[in-house]
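Shown next, in structure tokens, is the structure this report addresses.
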Amino acid sequence: MKTIASLLIAGSLATSAAEPPALIPQPVSVQPGEGSFKFSAGTGIRHDRALESEAKLLASDLAKLTDSQPKTVVKELTNALPSEILLDFSEKTDLPPSGYELKVQPNGVVIRGKDAAGVFLGTRTLLQLLPAKLAEGSAAIPAVTITDYPRFAWRGMMLDVGRHFHPVPDIKRFIDWMAFHKLNSFHWHLTEDQGWRIEIKKYPKLTEVGAFRESSPPYGNRNSDDGVRYGGFYTQEQLKDVVAYAAARHITVVPEIEMPGHAAAAIAAYPELGNTDIPGYSPKVMTRWGVHPYIFSPKEETFTFLEDVLSEVCDLFPSKYIHIGGDEAPKDQWKQSKFAQEVIKREGLKNEEELQSWFIRRIGRFLESKNRNLIGWDEIQEGGLPKTATMMVWRDAKWAKHALSLGNNVVMATTSHTYLDYYQNPAATELAKGVEYEAIGGHLPLEKVYSYNPTFVAENPQQEKQILGTQAQLWSEYFKDMKKVEYHAFPRIAALAEVAWTPLALKNFDGFSKRLEGIMQHYEAGNLHYCKPSTEK
Ligand code: ACM
């Protein structure tokens, strides 16, 4: 005989069959089951001993819903919990790295990961299965079986803190939202013409001098100056804290130290590292946006400095990849510098582009000696691409094709689909809201981000494998605070996350848009300053 409870459960099954759960990124497989699991403050977490960190993180996330800390116990303990979520490793040998299985049944929730990253990512899915806010202290999660794993290993977000500095609590909050979307690579753009943001013990002037500028362009007039001294930097203790915070969430922090260009702040701190033999040499920390002429001189002193800096960077950041920038390095100063021209002659190089390539190759060899891989923007191929370098493609797909044909790995980060500093609605619509809505330019709507397929440049399966993944960029010229970063990042991060995670065959913008409505409830609950999607062209 059917009880009222089972009839109610059958009712919820009908609903769940009609409406797939609002998950982003869309998992590989979602099979609705029968009944539902009742989550409440009494729900505890049982876990493999090796998953204590993942269990504690899930517990603190669930505590935000229930206002009480859930019990966590290791799986060997036999004491029963009123209801439980089990975190364990999967026995499935064919589950790819970072994959997981999540089963919600009336008698409990089980998340089994291929590895700890998979378990953690499964817990992020569970948070999306739960409502953003609990009604009356509990929630029924419809039964479901999910099998899931990522399309790409590199699912990234780059944040520029050179143009505007964003404090550690903001960075941590940002990392949490990255994890919510299953992104796993936080590319931290730490040095710029307008500010050096990373403490280097051996070179204190980098932050004493290089972390501060005398003025910035105000919103509304990029060709003027507010006359207000501006700056900030992260201490090594803070950097280690962020790296550990991210690592606990299975996010790698990839630091970027720009060279040979975008180096005005470093050269202002240590003028001897620039092209001192050119007319009118007078470096300072830049106060306007755009590309600036000050680039490092190719002298031994510079390499000693850069190797010292990178040694401290390697000590702080365990990332396999170290980003050395390489973009937008105007060659005018090298053309004018007698010394740079002598290096070109001495090394048998054809021109300044080959000098840049020689410069980058030297740095690459140093990073190899530290057991790290060099990654740089696509200009690193000008004058010849180092064999072991990974190229971050930002300008044109032709550079990706070039690198792939040479056998190099690439990360797809093209302006066309991944530059989230561009307007998401037409500029006039945004600027009508106020001058503080100013962006650098461009127009990159949500649907266009969603339409990105990072492997479109690959000509064969081998080249597809060389595409490590994709990432979105948040250049900070027009982001004076984190609210503005969030406004530009969300919900376009959700689209990027699905590009990076979900199998191509399962992508569907209408389905994504529907699921996004559910995800935006989490944004609301988390006070995220996101931009409401619009279809305005
Ligand atoms: C870049 O946008 N300069 C990489």
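Indexing begins at 1, ligand by ligand and atom by atom, following the structure's order.
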Give a table of atom pairs where an N or O of ligand 1 lies under 3.5 Å from a protein N or O.
{"from": "ligand 1", "atom 1": "2 (O)", "to": "Tyr419", "atom 2": "OH", "distance (Å)": "2.6"}
{"from": "ligand 1", "atom 1": "3 (N)", "to": "Asp327", "atom 2": "OD2", "distance (Å)": "2.6"}
{"from": "ligand 1", "atom 1": "3 (N)", "to": "Glu328", "atom 2": "OE1", "distance (Å)": "3.2"}

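With sequence neighbours excluded, the residues that form a side chain to side chain contact (heavy atoms under 4.5 Å, CB included) with Ala494 are Ile24, His181, Phe512, Leu516, Tyr523. Residues satisfying the ring-ring contact (aromatic ring centres under 6.0 Å, His included) test with His488, not counting sequence neighbours, are Phe479.
A salt bridge (Lys or Arg N to Asp or Glu O under 4.0 Å) with Arg362 is found for exactly one of Glu368, Glu347, Glu300, namely Glu300.
The aromatic rings of His189 and Trp475 sit perpendicular to each other, their planes meeting at more than 60°, with 30° as the lower class boundary.
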Listing, residues 434-442 side-chain donor-acceptor contacts under 3.5 Å, not counting sequence neighbours, or none:
{"from": "Glu438", "atom 1": "OE1", "to": "Gly220", "atom 2": "N", "distance (Å)": "2.7"}
{"from": "Glu438", "atom 1": "OE2", "to": "Arg222", "atom 2": "NE", "distance (Å)": "3.4"}
{"from": "Glu438", "atom 1": "OE2", "to": "Arg222", "atom 2": "NH2", "distance (Å)": "3.0"}

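Side-chain atoms of Arg151 and Thr455 include a donor-acceptor pair closer than 3.5 Å.
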